[in-house]
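Read through the structure below, which is laid out as C-alpha cells, and then see the notes.
Each chain gets a letter, A, B and so on, in the order the sequences are listed, and its residues count up from 1. It should be emphasised that the depicted structure is a prediction, and the values quoted were computed from it without experimental measurement.
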2 protein chains.
Amino acid sequence: MKLTRTILKLECTHGSTETKLLNNMMLVPLRANKTGSVVSASSSSLSGADGAKTQCFICADRATGKHYGAPSCDGCKGFFRRSIRNNHTYSCRFDRQCIVDKDKRNQCRYCRLRKCFKAGMRKEAVQNERDCINSQRAKEQTVGTLSISVLLQAETTVQQFPALLSPRSHDITTKKTAGVGEVFESMKQQLLLLVEWAKHIPEFCSLPIDDRVTLLRTHSAEHLILGVARRSLPYNNVILLGNDFVIPPRGAEVEISRVAFRIQEELVKPLRELVITDKEFACLRTIVFFAPDCSGLKSPQVVRHLRFQAHLLLEEATCEQRGRFGELLLILPPLQSVAWQMVETLHLAQLLGEAKMDSLLQEMLLGEGTETGQGVCTGNDPTQDQQNDLNASPATFPSVICHASMAPTSGFLAAHIDWH
Amino acid sequence: MKLTRTILKLECTHGSTETKLLNNMMLVPLRANKTGSVVSASSSSLSGADGAKTQCFICADRATGKHYGAPSCDGCKGFFRRSIRNNHTYSCRFDRQCIVDKDKRNQCRYCRLRKCFKAGMRKEAVQNERDCINSQRAKEQTVGTLSISVLLQAETTVQQFPALLSPRSHDITTKKTAGVGEVFESMKQQLLLLVEWAKHIPEFCSLPIDDRVTLLRTHSAEHLILGVARRSLPYNNVILLGNDFVIPPRGAEVEISRVAFRIQEELVKPLRELVITDKEFACLRTIVFFAPDCSGLKSPQVVRHLRFQAHLLLEEATCEQRGRFGELLLILPPLQSVAWQMVETLHLAQLLGEAKMDSLLQEMLLGEGTETGQGVCTGNDPTQDQQNDLNASPATFPSVICHASMAPTSGFLAAHIDWH
DNA sequence: CTGGACGGGTCAAAGGTCTA
DNA sequence: CTAGACCTTTGACCCGTCCA
C-alpha cells in the first residue's frame, strides 16, 4: 500500500512543474497530497505581488504555508514544534539580538525561538504527540502466544484442501444431492482436515497426546457443523458439503434434512447476517476447539488459557463493533445443540443398523472404539467410581452423555496425530 | 515520557487571551477546539436544546449530529470514514485500553476506531467512494428498551423469595442432604420463581402468550442450573438448593451427584473465579432467557433483539475488563450442556418409574403434558411434516431433542402466566 | 417547500518520517 | 541528537439529497 503510493508518487512527479504553474496562475493554495503528484513547495515564485506571505516570517526562507500562526518554512515549523514539545529552554550566548535568517538560523536557538513567537507562532497550536503513522510496524497481533496469523493460516489449509480435490463450479443447482454415503464421506474428509488444522497450531502440538486426542474428539461434531455452515453461507437454503454434494431444503433423507434445516436457521442465517469475516471465523473455530469443559483433560488450565487468548483475538477481530463480539459468541450454544442432534441421529442410525460408519467417524463422533467409558468431564471427579455403572450401559443412557464420557486413548486418532 | 510531555505542556498554557488577541489582529481563522482556548464561531446552531445529546460518543467533543450510526464530532466522523474506506488496520502500541477523548483521540488510532465501533458506528454506513447514489438510509437500530435496573429488580424478587420462606443459617454444614423429593420440591419452587421473574420484564409481558410459554419452558432447565450455581458460589463443593437443602460432594444419589459435580466444575468454579456481579448475573439470565433459537417462536426477531439488548447491557456491566465479557458468555455452552444432562437424567428416572414428578416439572422440564410434538425449533420449517414421525416416538429417540421439540401451548404454564 | 440530518468531498495546517 | 525536506492525517467547513 505504502509502497504503491510511493511508486505512484515517483511516477507522477514529472507533472509538478505544470501544477506549480497552475497553482501560481490560479492562486490555488498549497495542495500537496491526495495523489501525491503535487509538490508542496508551490507558491515560491510569487514573490512580486504577494511576496510577504510566501516568506518565512522568522528566517525569510521560502514559506510552506502558515504554521502555528505564522507563515513559515518547514525548518522553523519543525524547530518550533520540537522546542515546544520537548519544552526546551535555550539561552543566548551573545546579546539576544542574533540575526535569524536562512543561513544563520541555526546559530542561536534562543533567538530563533524568540523570533518564532514574535512572528506570531503560538505554542497552543502545537498539539499532543499523535499515533505513529507508520503502522506497518508489523506489530504482530499476538495475544499471549496465539497469533491471528497462525489461525488464519491454519484456516486456509482447511479451506483449500477440498478445493484442490475437486474444482468447483459455482452453480449450486448443478450439484448432486448427498445421500447418507456422501454425507459420511464428507464427514470423514472434514475430520481429517480438522486434524490437519490442529497441527497448524503450535500450542496444540505441545499438549500431551491424550489431550490432543480428547480435544479433537470432543468437539469434532461442532467443527463439522461449523465448517459446513460456513461453506453454505453464500447459498440460500442449501447446505454445501465439502465433497461438493449438496443437501437441498427438501428431498434429502428425513434425518439429514432436519439437521440441515437447523444449520440453516440457527447458524447460516445469523452468520450471514453478521457477514462473518475470515479472522472472526478462525477465532470462533479456535474457541470451539479449546473448550476446557467436560473432556477429561489432563491440562484443562492450559486449554482454558488458549481459549481465553482466542476469545481476546476474536474481540480484537470484531473491532468491538457494537454487539458483534457477543453475537458471534452466542452462535456457540446453538452450534453445540445442532452438533449434538447430529450425533444423536448418527447414533440412532448406527443402533438401528441403518448406516455403516467408518471407524474414524465412529471414534471421533460417537466416541466408540475406545476403552470402556471412564467418567465424565474431568479427570479428578470424586464421584467417578459411582458413575461407571451408568456409563456402562450406553444402550439405555443417552449417547449424548456417553459421547462426552469416553477416555481419550485410542488407536486410529492417536496414530493420525502422533507423527507430527 | 509521553505523560511527562503532556503534563509539561499543560503547565505552559498561560497567555490564551494574548493568543486570542493575536488571532483577531492577524486574521487567523478561528480553528476552535484544538486547545479549547478559542471559541468556535459556529456554535450557534444546535447548542441550546440538549447539551448532553450533542456530545460525541467517541471522544466527548461536541457532536455535529449522528454519523454512521453514532452521535459524533466531525473529527471522528472523518476518521471513521477514512479508516473504513482505506481499509486501515491499526494496532495499539499499548494495551488496547487507551483513553479516547478530545485531547487524546489522535494518540491511538486503534483504540479510537475501536471506540467508534463500540459507540455504534457501522462500517456499512460508509458508502463506497462516490458512486452509490442509492439512498439506502441506514435504518437506526435503537438501543432498546431493556434497562439494567428492571433486570436487577426482577433478580431481587427471585432471590428474596426463598429467603422469606426460610430464614437461613449460613452454616452450610448443618443443612440436610437433599433426596430426590427435596430436589424436585426445590425445582418446582424455582420454576415458579422463574415465572415471577419473567413477569417483571415488561418486554416479556408484551410478547404473544405462546411465545411467553415457549420461552419459559425452553430454557427452564438452564435457569434452574444457573440459579443453583449462583446460590452455591460461596460454598466449596456443596450445592445449595433454594429450599435450603444441600447436595454434598458425596453421599447423594448417583445421578444427582453427577450433575452436581458438573455444576461445581463447569459453572460454580469459573463464576467464582470471575466474581460475577449482580448486574452481570442479571444480564446473563436474561440472555439465556431470550434465546431466539430452537423454540418455535412466533416472533423470533423480537426475542433476538431483546437478547441483543441484554448482551449489550452485559458488556456494559463488565466495565470493559479485559476478556471478562467473553468469559461470561462462554459460561453458556457448559450451562446448556449440564442442563441437558439434568433433563436426560430426569427423563430416564421418569421412564424407569423411579421418580414421581410434579406436573409443572413435567411440563416445563420434560416438555410433557402438551399436545403432540410439533417439529423442531422454528414455526416455518419446510421439513416439518417429515419430522413428526420421528418426534412421535420419544421412547426411542433421545429426549434431549424431543424436549426442544414441543409445541408451546399448554395448560398449567399458560394459566400461570395468563393472569398477569 | 423548507430545513434539519446525514451522506460526500475539500484542503489548510496539524502530524510523522527519516537521512544527513 | 537535531534540522528540515517530504509525506500523511486531521477536522472545520461546505455541498447535495432525502424526508418530515
What is the separation between atom NZ on B:Lys123 and atom P on C:dG7, rounded to the nearest whole Å?
16 Å
Indicate, yes or no, whether a donor-acceptor pair under 3.5 Å links the base of C:dG16 to the side chain of A:Arg81.
yes
Please check the phosphate of C:dA5 (OP1 and OP2 only) for any side-chain N or O of B:Tyr68 closer than 4.0 Å.
no
Atom CG of A:Asn128 to atom P of C:dA13: distance rounded to whole Å?
20 Å
Output the single nucleotide from D:dA5, C:dG15, C:dA14 whose closest atom is nearest the side chain of A:His67.
C:dA14
Is a donor from one side chain sitting under 3.5 angstrom from an acceptor on the other, for A:Thr89 and A:Tyr110?
no
Rounded to whole Å, CZ of A:Arg85 lies from C1' of C:dT17 at a distance of 13 Å
Let me know the distance between NZ of B:Lys102 and P of D:dA12, rounded to the nearest Å.
9 Å
Kindly point out which of D:dC6, C:dG8, D:dT10 is positioned nearest to the side chain of A:Asp74?
D:dC6
A:Phe80 CZ - D:dA3 P separation (whole Å):
14 Å
Does a side-chain heavy-atom distance below 4.5 Å link B:Arg112 with B:Phe79?
yes
Just to confirm, is there a sub-4.0 Å distance from OP1 or OP2 of D:dT2 to any side-chain nitrogen or oxygen of A:Tyr90?
no
To the nearest angstrom, how far is A:Asp101 atom CG from D:dA3 atom C1'?
16 Å
Is a donor-acceptor pair below 3.5 Å formed from side chain B:Arg82 to base D:dG11, judging by atom type as modelled?
yes
Can you see if the side chain of B:Arg105 gets near the phosphate of D:dT10 - specifically, an N or O under 4.0 Å from OP1 or OP2?
no
Are A:Phe80 and A:Phe117 close enough that their ring centers fall under 6.0 Å?
yes
By nearest atom, which of the nucleotides D:dT2, C:dG8, C:dG16 is closest to the A:Arg109 side chain?
D:dT2
Electrostatic pair B:Arg96:A:Glu316 at N-O distance under 4.0 angstrom:
yes
D:dG11 phosphate, OP1 or OP2: any side-chain N/O from B:Arg112 under 4.0 angstrom?
yes
Quick one: A:Asp61 CG to D:dG4 P, roughly how many Å, whole number?
9 Å
What is the separation between atom CG on A:Asn86 and atom P on C:dG16, rounded to the nearest whole Å?
11 Å
Hey, is A:Arg230 close enough to A:Asp278 for a salt bridge, meaning N to O under 4.0 Å?
yes
Given D:dG11, C:dG8, D:dT2, identify the nucleotide with an atom nearest to the side chain of B:Asn106.
D:dG11
Has the side chain of B:Lys66 got a donor or acceptor atom sitting under 3.5 Å from an opposite partner on the base of C:dG7?
no
Side-chain atoms of A:Lys77 come closest, of D:dC6, C:dG8, C:dA13, to D:dC6
